[in-house]
2 protein chains.
Amino acid sequence: MHLSAFVRLASADREILTQALQRRVRILEPRQDIIREGERPRFVNVILEGWAQRYKQLADGRRQILSFFIAGDLCDANIFILKQMDHSLSTVTRVKLAEISQSEFQEIMERSPRIAQALWWNELVTVAIQREWTTNIGQRTAYERIAHLFCEMFVRLRTTGRTDDDECEFPLTQSEIAEATGLTQVHVNRTIQEMRRDQLIELRNKRLKVFDLDRLMSVALFNPNYLHLDHEGLA
Amino acid sequence: MHLSAFVRLASADREILTQALQRRVRILEPRQDIIREGERPRFVNVILEGWAQRYKQLADGRRQILSFFIAGDLCDANIFILKQMDHSLSTVTRVKLAEISQSEFQEIMERSPRIAQALWWNELVTVAIQREWTTNIGQRTAYERIAHLFCEMFVRLRTTGRTDDDECEFPLTQSEIAEATGLTQVHVNRTIQEMRRDQLIELRNKRLKVFDLDRLMSVALFNPNYLHLDHEGLA
DNA sequence: CGAAGGATTGATTAGTCTCAACGCAAGTGG
DNA sequence: CCACTTGCGTTGAGACTAATCAATCCTTCG
């Protein structure tokens, strides 16, 4: 999901990006809000290190996690167009992020049509992921849902070179997995135990080990097409 | 959702749009695919009349409806950037739509920055709706989910002037409502009966009557902020 | 050592699904 | 114009997934 992986960018374009990502950098502690529903968006956030998430809360407190961001992910291109946030962003782990102001952002889009194109690509993939999450919660069983989340995060981390053979970081608590999949924490616990018994995965100390990715993808009915990894930026 | 409602457009911009929407117009019968998952996108589709939908199918046939389109809705700006569709589009009712080719589309975006901006706005609202659907299925009960769908469609139809006092068209079958909310058709049937008993709504002959929208919004925990109706195109 | 956050376990219940049948209205063909 | 089909909505009985409530157990860490 690295911006520079969207499309092939000329070195001038890369330079523009590098500049923009250095101007305003912040470090946030784990489980801290970045921006809340109702607030006016002032920056486009780019995650440089760590995991972050989107979530939405109903009037009575029920909470749905809507997506996760990992290093390289851009939160909301052009978010300034909206008067207020309809959801919140928060950190999962300690996070390093870059803030890009509206004027900086617009200048970048104008100076490089390639980057503007890359931003559209990024946005289209973001919606596609959200659609897959809707499908995940609407149609899959608890077991399949959690397996699907594991697949998605593993594949995304692998694409950005953040896996170590069959392992990757996985800093979510079982409660967070529950909020992301529309289940309860207790049921997530039991389901993960079942997956362990089935020799599908190992999950402890914030690390996920996938014994057989093909089998995991198969039980999850995981089809990576929605990540659109076959774009021109790749060989 | 009418393109011309996104932002205030100059009459020259309106002219550009009007032109583009007249070039290639098709009429499709009800329950007919417009484009299928896996195919290469060739056009941006704009719904001129009727209802359409996005859906996604798992390998074993389970189907999730992901969103509905009504007159004025633009299906996927810049969809050409993606090599293949990760979901399908189909009609619900008989539909009249306009197809815009890649070159036409790019020309429009270049000729009018205001329209380009409007397209970004449209895309941001589309993701916001998708997030709300994820939340709907993940957190709300069956009763709340269906009420929420009723609210969303009623408000969107009203915004585009397609309601008649407390009534609107509602051409979905109970099976389709089920596929959109992640429930079974049987349970949707029972839940709607309950809503009728509660004097919340009336639904027959493809028409929905909302007795008290405030009460419906309240039981659905419906917050219209995600539709971002407070944009500059409106007073 | 005590506190706190997270994971695990057990018992019970609720919400939703499954399967199967039936009803009704509209359309179709002989 | 009647018999048949088809699509959609309704009803019933029973099964099962996942939720709820409530403890208990770990680990980590100050």
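So that the names make sense, note that chain A is the first sequence line, chain B the second, and so on, each numbered from 1. It should be emphasised that the depicted structure is a prediction, and the values quoted were computed from it without experimental measurement.
The minimum heavy-atom distance between B:His87 and B:Asp76, with the atom names listed, is NE2-OD2, 4.2 Å. Residue B:Glu123 comes nearest to A:Glu123 through the heavy atom pair CG-CG, 3.7 Å, listed as atom of the first residue, atom of the second, then distance.
Nucleic acid contact for A:Thr141: sugar-phosphate only, since backbone atoms but no base atoms lie under 4.0 Å from a heavy atom of the residue. Within 4.0 Å (heavy atoms only), B:Thr173 reaches sugar-phosphate atoms of the nucleic acid but no base atom. Within 4.0 Å of B:Arg196, counting heavy atoms only, lie sugar-phosphate atoms of the nucleic acid but no base atom. The residue A:Gln185 sits close to a base: some heavy atom pair falls under 4.0 Å. Within the nucleic acid shown, A:Arg62 has no heavy atom closer than 4.0 Å to any nucleic acid atom.
Which of C:dT18, C:dT8, D:dT10 sits closest to the side chain of B:Thr184 comes down to C:dT18. Among C:dT16, D:dA18, C:dT18, the nucleotide with an atom closest to any side-chain atom of A:Leu183 is D:dA18. Nearest to the side-chain atoms of A:Asn205 among the listed nucleotides C:dT16, D:dT28, D:dG12 stands D:dT28. In the set C:dT8, C:dA7, C:dC17, C:dT8 carries the atom at the smallest distance from any side-chain atom of A:Gln193. Comparing D:dC21, D:dG9, C:dT16 by their nearest atom to the side chain of B:His187 picks out C:dT16. Closest approach to the B:Gln174 side chain among D:dT10, C:dT9, D:dA18 is made by D:dT10 (side chain taken as heavy atoms from C-beta onward).
Between A:Arg145 and B:Arg190, the residue anchored closer to the 5' end of DNA chain D is B:Arg190, taking for each the nucleotide with the nearest heavy atom.
Rounded to whole Å, the distance from CD on A:Gln139 to C1' on D:dT17 is 15 Å. Between the C1' atom of D:dT17 and the CD atom of A:Glu144 lies a distance of 12 Å, rounded to the nearest Å. To the nearest angstrom, C1' of D:dT17 lies 13 Å from CD1 of A:Ile146. Atom CD1 of A:Ile137 and atom P of D:dA19 are 12 Å apart (whole Å). Distance, B:Arg197 CZ to D:dT10 P: 11 Å, rounded to whole Å. A:Ile192 has its CD1 atom 8 Å from the P atom of C:dA7, to the nearest Å. The interatomic distance linking A:Glu179 (CD) with D:dA19 (P) rounds to 13 Å, in whole Å. Atom CD in B:Glu194 sits roughly 11 Å away from atom C1' in C:dG15 (whole-Å rounding).
Side-chain nitrogen and oxygen atoms of A:Asn189 include at least one within less than 4.0 Å of the OP1 or OP2 phosphate oxygen of C:dT8.
Counting non-hydrogen atoms of other residues, nucleotides and ligands closer than 6.0 Å to CZ of B:Arg31 gives a total above 12.
Between the side chain of B:Arg204 and the base of D:dG9, no donor-acceptor pair under 3.5 Å is found.
When each of B:Glu176, B:Gln57, B:Glu179 is paired with B:Arg63, the side chain to side chain donor-acceptor pair (under 3.5 Å) condition holds for B:Glu179 and for no other. Of the listed residues (A:Gln64, A:Arg131, A:Gln130, A:Arg54), just one forms a side chain to side chain donor-acceptor pair (under 3.5 Å) with B:Thr134, and that residue is A:Gln130.
The aromatic rings of B:His148 and B:Tyr226 lie parallel to each other, their planes meeting at an angle below 30°, with 60° marking the opposite boundary.
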